[in-house]
Amino acid sequence: MRFIVSTSTLLKQLQAVNGASSSSTVLPILENFLFEIKDNSLTISATDLQTSMITSLQVESKEEGKVAVPAKILIETLKTLPDQPIAFSVDTQTFAIEISAGDGKYKLSGENADDFPKIPVVENPSTVRIPASVLSEAISKTIFAVSNDELRPAMTGVLCQLTPQNTTFVSTDAHKLVRYRRADVKSEQVTSMILPKKALTLLKSSLPSEDVDVAVEYNNTSAFFKFGNIHLICRLIDERYPDYEAVIPQVNPNKLTIDRLLLLNSLRRVVIFANKTTHQVRLRITGSELNISSEDLDFANEAHERLSCQYEGEDTEIGFNAKFLIEMLSNLECEEVVLEMSTPNRAGLLLPAVEEENENILMLVMPVMLNSQG
């Protein structure tokens with residue numbers, strides 16, 4: 001089996017799907033790309049059994065065939081070669097691969113393509129189309145709040161709920177929660193699925209910058225994303241997602257409105273002086289003044305800043321983990337934010353002061369208990 005392709009074209013496609021391959025000691029075949037040649041088209045697959053990515057490109061070839069090629073050594077070689085035609089010759093008996101580029105010849109041993117795991121096909125799927133920009137935005141806005149706790153597998157992914165009215169993406173790690181809703185993405189059937197974090201991270205990095213529609217097909221076990229010549233297939237997390245609506249406090253009489261960057265930069269400074277394990281900051285609001293303070297008693301460090309804000313409600317004092325607030329504020333793009341609160345032991349809600357069209361975003365952060373100051 002022999003084919004010719006340009007180094008830069010091949011490298012670009014390999015890098016697009018490489019994130020799905022796995023450095024598995026249990027199954028060394030997962031450290032390979034599957035190359036399949038048919039009708040002058042090379043299809044490249046990579047998988048870690050949970051997430052798979054497939055791409056295809058045109059090559060010059062007179063034969064058909066397939067082989068598993070070691071991913072790492074191939075990518076490292078292509079990165080060092082200038083852009084030029086490169087010829088692959090594969091011995092279909094021994095799976096030995098010879099690469100010729102300019103004056104160089106490189107030999108490596110491939111593996112039997114039949115040992116490569118079968119990439120799942122989504123059977124009897126339902127389909128929804130989501131613009132790449134919306135999908136990218138939804139992933140960015142939610143993925144930072146996903147849990148890493150393997151003991152709560154449902155929370156290690158993003159919940160996606162599709163209805164005829166809208167689509168909602170939810171993530172939480174029990175300390176913070178994000179609900180991101182789009183009125184411009186709808187589905188005829190009501191359904192929900194939990195998409196794993198790794199698949200979403202790969203999807204986000206490979207989505208095109210031009211705004212194409214991504215076809216999302218799904219069934220009970222897998223979701224299948226298609227755009228351009230890239231396909232990404234992931235196994236859904238087969239768990240029940242916690243009832244997140246029950247956690248969102250409905251009555252929040254205390255509303256603080258403030259410039260987002262002003263608050264974000266203030267928190268970034270004040271947290272430097274906070275306890276290194278709790279990152280606790282104290283927000284004291286009196287009238288139209290917000291005092292942010294932190295202290296680290298072990299080192300006698302403390303910081304105080306005073307910001308002006310708009311505020312409706314009773315004077316209040318509440319503690320938060322500044323790291324969570326910083327993450328949330330960094331993932332919003334609005335000029336002003338509203339922090340809605342009820343009592344110091346109930347969750348606070350962070351919302352944009354002005355909503356974008358078709359977009360509704362709510363971020364929730366749990367408070368930390370303040371030790372009363374002497």
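No hydrogens, no waters, no symmetry mates; every other heavy atom, side chains included, goes into these values. Model, not experiment: these values are computed from the prediction. Starting from 1, each residue takes its place in the sequence as its number.
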Q. For the hydrophobic clusters of this structure (ILVMFWY residues joined by side-chain heavy atoms under 4.5 Å, transitively), does one cluster hold both F35 and I37?
A. yes

Q) Is there any side-chain hydrogen bond (donor to acceptor under 3.5 Å, both in side chains) pair reaching into residues 116-128, and which pairs are they, with sequence neighbours excluded? A) none

Q. Can F225 and H231 be said to form a ring pair (Phe, Tyr, Trp, His ring centres under 6.0 Å), step by step?
A. CA-CA 6 Å; F225 298 85; H231 296 184; over 10 Å; no

Q) Among the clusters formed by ILVMFWY side chains lying less than 4.5 Å apart, do V271 and L263 turn up in the same one? A) yes

Q: Go through the side-chain N and O atoms of S147 and D149 and say whether any donor and acceptor fall under 3.5 Å apart.
A: no

Q. How many angstroms lie between SG in C334 and CZ in R260, if you round to the nearest 0.5 Å?
A. 6.0 Å

Q.
For H175 and F324, take the angle between the two ring planes, folded into 0 to 90°, and tell me which bin it lands in: parallel under 30, tilted 30 to 60, perpendicular over 60.
A. parallel

Q: Taking side-chain hydrogen bond (donor to acceptor under 3.5 Å, both in side chains) as the test, write out the residues that go with D184, two or more places apart.
A: R182

Q: Can you sort out the partners of S136 under side-chain hydrogen bond (donor to acceptor under 3.5 Å, both in side chains), two or more places apart, ordered by chain and number?
A: K204

Q) What heavy-atom pair brings A101 and I86 nearest, and what distance separates the two atoms? A) CB-CG1, 4.1 Å

(Q) Can you list everything that forms a salt bridge (charged side-chain N to carboxylate O under 4.0 Å, His left out) with E305? Sequence neighbours excluded, please. (A) R269

Q | Identified side chain to side chain contact (heavy atoms under 4.5 Å, CB included) counterpart of M363 within the set L349, L177, N331 | A | N331

Q) Any side-chain donor-acceptor pair under 3.5 Å between S171 and T142? A) no

**Q.** Sequence-distant partners of T277, side-chain hydrogen bond (donor to acceptor under 3.5 Å, both in side chains), two or more places apart
**A.** N275

(Q) Is it the case that over 12 heavy atoms from other parts of the model lie below 6.0 angstrom from the CD1 atom of I73? (A) no

**Q.** Under the side-chain hydrogen bond (donor to acceptor under 3.5 Å, both in side chains) test, residues paired with E335 that sit two or more places apart
**A.** none

